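Here's the structure we're looking at; comments come further down.
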Protein chains: 2
Amino acid sequence: MQLRLPGARRGTKRDATRRALLESALNVFGEKGYHRAAVDEIVSRAGRSKGTAYFHFPSKEAIFRALVRELASYLVERVERELDDEPTAIHRLDAALLSVIDIFTKHRTLARVTLVEVAGAGRAFGDDLLFVRQQFAALIRRHLDAAVAEGALEPCDTDLIATAWFGAISEIVVHWLHDPDRGPLHMTYPALRHLLLQSVGIDINQLPSDRIPAHA
Amino acid sequence: MQLRLPGARRGTKRDATRRALLESALNVFGEKGYHRAAVDEIVSRAGRSKGTAYFHFPSKEAIFRALVRELASYLVERVERELDDEPTAIHRLDAALLSVIDIFTKHRTLARVTLVEVAGAGRAFGDDLLFVRQQFAALIRRHLDAAVAEGALEPCDTDLIATAWFGAISEIVVHWLHDPDRGPLHMTYPALRHLLLQSVGIDINQLPSDRIPAHA
DNA sequence: CCAAACTGACCGACCAGTCAGTTTCGGTGA
DNA sequence: TCACCGAAACTGACTGGTCGGTCAGTTTGG
């Protein structure tokens with residue numbers, strides 16, 4: 001799991017410590033959830049001391065917030081990177097869905113923290129709580145807007161649709177997280193894809209189907 | 001907020017205490033979230049003592065679980081009651097959506113506990129955590145299956161669709177909970193309805209539109 | 001040499017859960 | 001009608017453990 005560390009020059013010792021702490025935090029928060037995760041465990045797994053954690057972050061909450069922001073950036077950046085050579089906005093939406101499914105399949109802890117823990121950490125955290133969700137919905141929305149601009153889509157409430165799509169995807173992933181035995185996440189891709197695209201009136205046959213088996 | 005108390009004869013003193021505790025728990029959990037909610041506060045707001053809470057429930061977690069079950073029953077029962085005189089399964093799905101939006105609009109605390117807190121209370125709770133979600137997805141699924149049986153819908157993965165629909169609705173409600181200033185929840189109904197129905201290939205014009213303004 | 005980075009023992013607040021004792025109340029027999 | 005009993009319901013002071021956060025002191029590195 002490679003974390004992106006914006007605004008900090010890489011390779012310094014300070015940076016390595018910060019990264020070690022966040023990486024450990026990802027695991028502990030992912031396993032225990034925010035409240036049951038103890039700072040003591042985060043630092044011990046990171047091979048640092050408690051004082052160091054409080055040298056780098058003012059509070060446990062700040063560690064969590066920083067982690068969520070890193071994860072959101074990582075996720076959005078990595079998904080967007082895969083969309084570059086898609087010809088149309090609709091293709092990019094399609095590719096984004098596949099990409100997200102792929103990432104979550106490979107990084108369950110990331111999925112758990114960004115989709116489940118963030119919701120439960122409580123509104124005490126203010127707006128940061130919804131950071132990942134907003135980032136992601138914004139990504140979907142951008143490409144929906146592009147599709148409208150391209151004329152592939154009727155003008156519509158892209159904000160609402162992006163939110164709804166994110167909710168749908170999130171719910172499916174959360175179910176899969178909770179009970180992975182019901183088959184790999186990739187299995188749901190064709191049906192989910194069909195559902196989402198059809199919801200905005202896109203004929204599934206507009207898209208070449210040769211892309212599907214690529215990841216499946 | 002009327003809670004349903006299955007399996008207990010109403011009107012007894014015991015029942016009144018249990019109800020008072022759960023009602024108070026609903027408020028405190030709704031305001032503070034599971035972890036920040038103190039049993040002391042729940043009992044004090046209920047006008048009872050701590051010992052009483054532990055006489056009726058074995059643990060704080062048990063209070064939460066019981067509450068979630070009551071809420072799920074209340075919600076599903078109340079929604080289903082409104083579907084009786086709808087002519088077709090599609091109409092019932094439509095009515096259910098409106099009904100849910102209505103209930104959540106009027107009972108924000110209920111929405112917060114069932115949609116947000118349940119997710120965040122952590123997997124420590126085992127499967128009960130997903131109780132509301134499952135109950136609700138099952139409701140949607142039943143009517144989707146009915147629609148298939150009626151021939152109004154092509155055979156499809158109704159389980160997946162129900163999950164996705166629930167996720168979409170849930171996400172919209174959670175956004176509204178978090179930032180209610182962006183307009184009442186009812187405002188999203190037409191667009192959301194259109195999106196969901198179109199996602200399964202239902203032509204919006206099949207349904208009489210005179211129902212829309214009824215609750216709007 | 002100094003500041004940044006780091007250490008880990010310690011503190012204190014918080015809170016779920018306990019328990020010994022008290023009150024309430026339906027039943028029972030005289 | 002009433003005295004009495006036992007169980008159910010209830011009380012709230014107390015405890016034990018957990019854990020976020022502190023800080024006085026040590027190490028590192030430029």
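Residue numbering restarts at 1 for every chain, and letters A, B, ... go by the order of the sequence lines. Not measured: the values here are computed from a predicted model.
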Under a 4.0 Å threshold between the charged nitrogen and the carboxylate oxygen, would B/Lys32 count as salt-bridged to B/Glu41? yes

Nearest-angstrom distance from the residue atom CD1 of A/Ile63 to C1' of D/dC19: 13 Å

Does D/dC10 have its OP1 or OP2 closer than 4.0 Å to a side-chain nitrogen or oxygen of B/Ser49? no

Return no unless some side-chain N or O of A/Thr17 is found under 4.0 Å from OP1 or OP2 of C/dA5. no

What I want to find out is whether A/Asp179 reaches A/Arg182 closely enough, with some N-O distance under 4.0 Å, to be called a salt bridge. yes

Which of the following nucleotides, D/dC19, C/dA5, D/dC10, is nearest to the side chain of A/Ala38? D/dC19

Integer-rounded Å distance: C/dC14 C1' and B/His35 NE2: 15 Å

Without decimals, in angstroms, what is the distance between A/Tyr54 OH and D/dG20 C1'? 4 Å

Taking NZ from B/Lys60 and P from C/dC14, how many angstroms apart are they, rounded to a whole number? 14 Å

Please report the distance, rounded to the nearest Å, between NZ in B/Lys50 and P in C/dA20. 17 Å

In this structure, how many angstroms lie between the C1' atom of C/dG17 and the CD1 atom of B/Ile42, rounded? 14 Å

Is any NZ, NE, NH1 or NH2 atom of the basic residue among B/Glu23 and B/Arg45 found under 4.0 Å from an Asp or Glu carboxylate oxygen of the other? no

For residues B/Gln198 and A/Val200, report the shortest heavy-atom separation together with the two atoms involved. NE2-C, 3.3 Å

Between A/Arg142 and A/Glu80 (salt bridge meaning N to carboxylate O under 4.0 Å), is one present in this structure? yes

Taking for each residue the nucleotide of DNA chain C with the nearest heavy atom, is it A/Asp40 or A/Arg48 whose nucleotide lies nearer the 5' end? A/Arg48

Protein-nucleotide distance (B/Phe64, atom CZ; C/dA16, atom P), rounded to Å: 14 Å

Separation of D/dT22 atom C1' from A/Phe57 atom CZ, nearest Å, is 18 Å

When you get a sec, tell me which of D/dT11, C/dC6, D/dG20 is the closest nucleotide to the side chain of A/Val39? D/dG20

Base, sugar-phosphate, or nothing: which does A/Ala62 touch, judged by heavy atoms less than 4.0 Å apart? nothing

Tell me what A/Ala53 touches on the nucleic acid: a base, only sugar-phosphate, or nothing, going by heavy atoms under 4.0 Å. nothing

